[in-house]
Every structure is written in structure tokens, then in C-alpha cells.
Amino acid sequence: MYDQNKVEEKWQQIWDKNQLFQQTENGSTVGDGKGGAGDGTGGTVDGVGANDSENIYLLFAFAYPSGSGLHVGHVESKTALDILARYYRMKGKNVFFPVGWDAFGLPAENYAIKTGVHPSITTVNAINTFRKQIKRIGISYDWANEIATSHPEYYRWTQWLFLQLYNKGLAYQKDGKVNWCPSCQTVLANEQVVEGLCERCDTQVEQKDMRQWYYQITKYQDELIGGLDDVDWPAATKAQQLNWIGKSEGINITFKVVDSDVTIDVFTTAPTNWGASFMVLAPEYPGLEKLVTKENKKEVAAYVDATNKKSELNRSISKEKTGVFTGSYVKNHVTGENMPVWISDFVLAGVGTGAVQGCPGHDMRDFEFAKKFRIKIPRVVVGPDGNDSPIDSPEKVIDKSMPGTMINSEFINGLSYKEGLKKTMDYFEEKGWGKRVTSYRLRDWLISRQRYWGTPIPVLYDPDGNPHAIKESHLPWELPTDVDFKPTGESPLKSSQEFAQRTRKYVVEVHSDLIKEKGWDASGEGWRPEFDTMDTFVDSSWYYLRYVDSRNTDVFARTKQIEKWLPVDLYMIGPEHIVLHLLYSRFFTKFLRDEGYFKFSEPFTKMRHQGMILGPDNKKMSKSKGNVISPDDIITKFGADTLRVYEMFMGPLESDKPWDIRAVIGIYKFLQKIHKLTAELELEEVSGEAKVKLQRKLHQAIKKVSDDIPKLKFNTAIAFMMEFVNLWQDVMIKENKTLSIEDKIAFIGVLAPFAPFLADELYETISKKVSSEASYGGVHQTKWPEFSQELAKDDLITIPVQINGKVRAQLEVIADKVEDEKAILDMAEGLESIKKYIDGQEIKKKIYIKGKILSLVI
RNA sequence: GCCGCGGUGGCGGAAUUGGUAGACGCGCGAGACUUAAAAUCUCGUGGUAGCAAUGUCAUGUGGGUUCGAUUCCCACCCGCGGCACCA
């Protein structure tokens, strides 16, 4: 028995003292205690002369330091990356494995509103807790480059980034309808509205007219699609990003209103125009009043009014189609018929042009609408069944996702559905009736937030209300501290005296010429700062760049540092960040590339998601369900190594899996067994047959673990280590002999990334036996064990023999014999258990797959 | 509705360029040690028939391809995640 808690705390202190995991001037990991700095001034990650292909950047999702501390899910993903980091270091690579805090955000501010404790205090406390817990589970982070988004030396560069975007016209102000959360008292980005509710608090989101700041992410929409081909990400993640960007190619067709100069544009991806029999506009359609005839005015007004009262969510769940006729008609270009123009709430103002042409035979929504209001339903497509009867039921509607052939459409008759649509578009463009366009679902990113605890938007407004960006030389434009946190719908920054004073001082210093010219008050009176702060996703979508030069005061990061480490080799992040964070990060990367700061276009070469650890009841852990497992409890009972190895053993990293309270004990026993076997120093070394068997298993284990770690298949790596340990124990019990010192050290090396504390303890125990030197040069500084093909080779291979597809016998073959097909066949046919089945019959077919299987057919 | 992922013992899971289904761990059963318990160790453990050797069924369901299918193809059922009156 060993006291894991005492041992683990001892090693944690030794690692800390020796600054093991910092990247220093020479690009190597420090082992002599001279590099890095633990005093908060930080080291740098300069890597002059280092071989670039040997540099590996491992990144864990930026964490929000919540008050509740580390949970078991954090432990899983951090441990997974830590295993990789430790493995690659032992393989002689330069590993950059930084840590930091996404420290701005609502929870700390909401806590301040409730208790009056300033968010900066709450945040520092939470970070301290996290840091302590992370060190306790032995994550080998590079603490010298720790960053926090709420630190002025970090958000200085968040503001700098704003200025660059502003200078290029990619940060701009716009009036318009925005998503407003009445509970959080702030606007939200489209990405933060989930099914009409606020992502954070589930409050129904309202629409409000406000002037806000936006980042023009849509400039990069096509590149954001194309870039996905160049990265190794899960297919589901790519699909979701594509879905979100929502590119669709179609045509804008201009219709002329009959007896009027007014025109209406519709967007469609499927112009079955010989089948178009009506038009529908969104109730919010601009210029609607010009189309409504006197007789229809009252009805239309009532419908528009009713729609305005419905939220977008309610609009989308109402099943039955509704609508009213405007009284106007448009002329169908190809049929010459007049099409009635209706309004209906199923057409959304924000999608396409806010107007659609109704082709009821070939679109389900149009069909429902036409059916209800008794509008003509022409058929212009027949399906593969050739049925060309009138379309009078939903089953007969042939939409663009189905196969079909064009009919009743003049010169495109007989073409395939797809070809027909293409030809129609060509024809409409030729005639000047329409123009091909690409439409996107993606909108520009609204970054203004009416909250306190965030990065101030570095802008001032002059007495005329025109914005002026803060000069780069005056950054950071600091967040004031003397504010009233109570949310009022306007930013709390408005209540700061210091902020107002600072603004006047700045204005007098920087804008004196303008003030003189305009004749404004010379004291800076009449100017105001921007009171809104930035969405915290702005902070957290460029942090991976800052890490590599975290203490630089001249630039957000030097190009040589960025190009040395980036793009990130492996990004481990929760599946919840697929849309927001990743899209924004990719946008910033592409922008800064265009600005010339580096050459790559995608920040994260390879990405994987960790699954969720569920409660023992197979449900998502939550305080209200009482199924939360605390990592601290597990550590107290079993130690951090057990916690780490258990979480890695539970199953594949990417899948969700329930916590099994009892299974933890199995890992605990496994580690205790290793300690017992290794720390046994008096026994004689095993020899002969047993030695061969044991060494074979050991080298197979080295191979298996070396193969599995880069593939993130930690569960099977651990399973094989268990097999080895079981055999080792078996030999020790039966022979009363054990492994050689060298082989023990090799095994400890393989174990080290998984159970770093135990491995270092055992390494020390053995080292003391061999030499009396006391200085630390632990297992984590050693080279990864060499695997020997020779020693790992099996001498006997078992080949199953099948007759008519069923296994009927096993053939034990000496390893060098597996190539000899004839010998194998003879041996098999000589077996009693096989003769029995053949029983004089002719063997029709003999299939031998070398070393795998022999299959006989009779 | 569309897109994506998944379905294997009592439980977590292993095995896929098609080659012995159930590695490893948990749980369970029996035994050793012990005055006893814990710890530790040994053996067994998919269903079914059998004392056993062995046979047979079995990877969500139903078909197919193949000497051989958890793996490939077709049709379906169920669960999870995302998007959604997107024109």
C-alpha cells in the first residue's frame, strides 16, 4: 500500500519548483530549474534554432473560471491532452501546452449585482481555485504563459484588433432590429439565440431597434466554407458550420406589378416558373402599402398587426397557412398570366428578398397555401412514375429534392428537373428578368453588449455624435472600476465618474484641433465614451495567438512566434463551441492573415471533441438532479492518478459515458498492484521461458501504447497495460522472481503520461536502489521507451480453421511457418477435429489468409 | 422534414482495407488465506442443451453479396445532437 495523497502532493511540489513544463529561450523543456519564472512575470516561448517540425502546440478550450471549480468533465479533456503533452516531450518534441482564462463574462457580474462583490475579486478567487485544482491533478501546463482576458495587457490587444477591423471598415455601426434579452438586459448575437430563447438564461428574446457595433464576418463567408476542406475536424462539426453559414445558390427574379411602376424581387433556388401561379410577401415587406388596393387595406392592416404581435417562434410553429390578398397582381414572364400577390407570415422578411413566387405543384408550403386559398396548381414536373394527373394531394407534390422531368414548360420540356431549373435560370438572365445570386444564412456578428464585465469598445463620440476610435498609443482603454452594476438596459459604464473624466482628458489631448475647428467646449465637455462592452466571444476567439508571445508589450504576438507554433496541432474543445467560437476564431485568423501577420488561413489543423461525462444515472450531471461527481472527493479517496486513469479508461474520448462509482476501484487496484510489483526490490530477476514471455508482453505493450496515444485511444492503451501487469503478477507469484530493473523502468516510462505521480515515485524508488544520487531527474525527463520488434514477436501463432464458414479447430503454428501454405493445409487436414467434418468428401475450395485464418469449403 | 452520429453480455466498453465477436475493467458465482471481516489471490461468468466433450443461437429488425459480415449493399425500427415554413 502506498499513500497516494502524500506522494502526489510531494511530486506536485517538486515539479512546480523545477519549472518542468515551460518552453524557454532554447526551445527545450527546462530541467535545470533556471528557465521560466514563477513570479508572474512570465517566460517567453522563444525557440531560436529549434527544428520547427518538432514543435507541437496542444490547445485546450479556453475555460471560464466559474465559482464552482473544476468538474470531472474538465479532468477528462485536460488529462487527455496532458497525456499527449507528456508523451511528446518524452519523444523529444518541443511541446507548447499553455493555459489561460476566459475571465470576462456574465456570471461574475450577476454575482456582483447580488452581493456587491466586485467581479475582479470573484474572478481572481475563481482562477486561484482552478489553478490549484489543475495542479493537483498533475496537468503539465506551461504556467509561465498564463493569460486572462480581463487583464488590461490582454484586452489591450482585443481593443487593438477592434481598431484594425475598424480601420478596414470591418467593424462598423448599424441601426436595426437586434435580439434583446430582457433578463440579461443586453443584446445578443444571432448565434446566442437558441429557438427564440436566450442561450444563457432561456428567456424569450425580443426584437429591438438599436444602433450597435458589428464585425463583418460575412466578408469571409465563402472562405469559411472552403477552408473546412483543409482541416482535420469531425465530420459533424464541419457539417454544422456549413449549415450555419447556409449558402444557397439561386436567382433573383424581378416581377412587374400590373398597372403600376412597382417591381418586386423574389429569390428562388428552384425557378419552376411555368408553374408559378401567385406571389407571397412577408407582412413586413418594405413598400407593401404601394401594393395594397383600397378594398383590401383594412384586412391587410389587421393581418400585419396580428403578425407583429407574434414572436418569430410562434410564427414558425403555427401549422395552418394564413394570409390575405393585397389586391395587386404581377405578370408571369413566361406564361403571361397575372399572379395574385398575397401576404403571409410564412414568408420571413429576413430571408432572401422577403418575397417568394408560389409554385404550388412543386413546393410543399406553396401547395398548402394554394390549396387553402383555392389558387391554381399547375403541374410542370412528372416523377419517375410518369403520373401527370393534376396535383391535388400533398403526396403528389414533386419538390426540387426529388427526381423528375419537366413538362408543360415549352422549350425545357423533357429535360431533367435539375437541368430544367438551370436552363430556366440561363433564360431569365438572358432576357434580363433575373440575376443569379448566392444567398447566405450567416449574418454579421453583433459585438456590442450593454454589460459591465467585458472589454470596453475603444470609441468616443464627439458632440455631433460621430465616432472616433481611441488611438492605438492610448490602449489599453481601461475598464472603469467605479460603476453601479445594476442593469438598466444601458451599459453600467455610464455611471462611472472616472470614465467620463478620462474621456475629457483624452479628448483635450488628442482632439484639440478638431475642437478648435468646430468651436466646441475646450474642456472636452459634450463628448462621451462608448458605454457598451464587447461580447466575450471576441476575447476568447483570438487567445491562441496571444499565448505564443504572452508577455510581449509591442505587438499582440510576434510573427516568428506565431509561425513557430501555429496553427494549433490539436485543439480539444467541447461540442457546444462548434458554431460560435470556431467560426469567430477562423474569421479573426483570416483577417489577421490578410493584414500580413502570418501566412496560414486556418488556426486549428486538427480538432477533437471530448464527450460528456454523465452522472451514474446516465443523465447529464446537474446540482438539481443530485448526480454530480466531485473530482475533489475522488482525489481524496483514491488520488489524482486514479482519477486520471479511470477517466481515460471509461471509453472513447469523444463519446458520452456515465460515471460508474464502483469501476473506479478497479483502477485504484490496478495502480496499487503496479506499486507493489515495482517497489519489490529484493526478488531475483526472472529468466528463461518466463522472461521471454514477459518481455514479449512488455514490448507489445510499449508498441500498443505508442500507437494508441497519438490516436487518442487511451482506453485500449490502458487495457493492454493491465494485461501486461496481470501477466507480470502471474509470473511473480508462480516463480517468485520479477522483472529486471531496465524493464521495470521501461514500463514506468510507458505509464508516466497516464499516472505521472505514481510513475515518478516508482522511478525514484528504483533509482535510489541503483544509485544514491539525490538530485531530481525524474521519469518525465527520460526518453520514451524503445520498442523492440524482435522481443515483441510471438513464437506461436494460432490459426483458426473454418469449414463452411464455421470455426472447427485451432492450429498452433510456429511463427516462421505461417508463410508456408502447403504445410498449414497438411497440418489442418491431419487434425482429428477436421477429418471428422471432411469425412472423405472433396474439398471444393481452400482459402488461406496468411497468419489469420484457413477456410475450407466442402 | 433535412444534415450528422450511434445501437455489441447484467454494466462501461474491445474487435472494422471483411478473417476465432465479447479484449480490459466493473458486477456476479465458487474457492484459498483468516477465529472472523476487510484486503489479497485462484477459478468460472453471452443465451440455450448437456455431467462433459461438444452442439446450437447470438452484435437493433428484415433481406442481400461472400468460403466467411459487428464490418459492405438495400429496406426499415429506435436513441442522441444540430438546422428548419431558408423560398
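Below, chains carry the letters A, B, ... as their sequence lines are ordered, and counting in each starts from 1.
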Just the dot-bracket of RNA chain B, please: which string comes out with Watson-Crick or G-U pairs under 3.5 Å, [ ] for crossing, | for another strand? (((((((..(((......[....)))((((((.......))))))((((....))))..(((((..]....))))))))))))....

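- The side chain of A:Gln240 approaches B:G82 more closely than any other nucleotide in the set B:U20, B:C83, B:G82.
- In the set B:U20, B:U56, B:C85, the nucleotide with an atom closest to the side chain of A:Ile853 is B:U20.
- At most 12 heavy atoms of other shown residues, nucleotides or ligands fall within 6.0 angstrom of atom NZ in A:Lys619.
- Using a 4.0 Å heavy-atom cutoff across all strands shown, A:Ala236 reaches sugar-phosphate atoms only and no base atom.
- The distance from atom CE of A:Met722 to atom P of B:A14 is 14 Å, rounded to the nearest whole Å.
- Listed nucleotides: B:A23, B:A87, B:C83. Nearest to the side chain of A:Trp244: B:C83.
- Each of B:A84, B:C26, B:C86 was ranked by its minimum atom distance to the side chain of A:Ala663; first place goes to B:C26.
- Side-chain contact of A:Glu812 with A:Thr798: a donor-acceptor pair under 3.5 Å is present, judged by distance alone.
- To the nearest angstrom, P of B:G25 lies 21 Å from CZ of A:Arg644.
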I'd like a list of close polar pairs between nucleotides 40-45 of chain B and the protein, N/O only, cut-off under 3.5 Å.
unit_1: B:C41; atom_1: OP1; unit_2: A:Gln729; atom_2: OE1; d: 3.1

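- With sequence neighbours excluded, no residue forms a salt bridge (Lys or Arg N to Asp or Glu O under 4.0 Å) with A:Asp617.
- Between A:Phe724 and A:Phe747, the ring-plane angle classifies as tilted under the 30° and 60° cut-offs.
- Between A:Arg365 and B:C86, a side-chain N or O to OP1/OP2 separation shorter than 4.0 Å is present.
- Residue contacts for A:Thr798: at a heavy-atom cut-off of 4.0 Å it reaches a base atom on one of the strands shown.
- Results of the ring pair (Phe, Tyr, Trp, His ring centres under 6.0 Å) test with A:Tyr646 over A:Phe754, A:Trp659, A:Phe714, A:Phe670 single out A:Trp659 as the only residue that passes.
- Using a 3.5 Å distance cut-off with no hydrogens or angles, the side chains of A:Thr353 and A:Asp265 do not pair a donor with an acceptor.
- Picking from B:A87, B:C85, B:U20 the nucleotide with the shortest atom distance to the side chain of A:Asp345 gives B:C85.
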How does protein contact run along nucleotides 67-76 of chain B, one letter per nucleotide 5' to 3', with B for base contact, S for sugar-phosphate only, - for none, heavy atoms under 4.0 Å? BS--------

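- Side-chain atoms of A:Trp728 and A:Thr738 include a donor-acceptor pair closer than 3.5 Å.
- In this structure, A:Trp342 and A:Phe325 have tilted ring planes: the angle between them lies in the 30° to 60° band.
- Using a 30° and 60° split on the angle between ring planes, A:Phe369 and A:Phe278 fall in the parallel class, below 30°.
- Counting only N and O atoms by type, the side chains of A:Tyr303 and A:Thr322 include a donor and acceptor under 3.5 Å apart.
- Taking the six-membered ring for Trp and the full ring otherwise, the centers of A:Phe255 and A:His333 sit less than 6.0 Å from each other.
- Within the structure, a side-chain polar atom (N or O) of A:Lys400 is placed less than 4.0 Å from OP1 or OP2 of B:A87.
- Looking at residues two or more places apart in sequence or on another chain, you find no salt bridge (Lys or Arg N to Asp or Glu O under 4.0 Å) involving A:Lys435.
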Which parts of nucleotides 7-13 of chain B does protein reach within less than 4.0 Å, heavy atoms only, written one letter per nucleotide 5' to 3' as B for base, S for sugar-phosphate only and - for none? -----BS

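- Base engagement by A:Asn243 is indicated by at least one non-hydrogen atom pair under 4.0 Å involving a base atom.
- Partner A:Met827 forms a side chain to side chain contact (heavy atoms under 4.5 Å, CB included) with one of A:Asp820, A:Ile799, A:Leu854, A:Leu811 and no other, that one being A:Leu811.
- One interatomic measurement links the two molecules: CG of A:Leu671 to C1' of B:G25, which rounds to 13 Å at whole-angstrom precision.
- Within a 6.0 Å sphere centred on NZ of A:Lys247, other residues, nucleotides and ligands contribute more than 12 heavy atoms.
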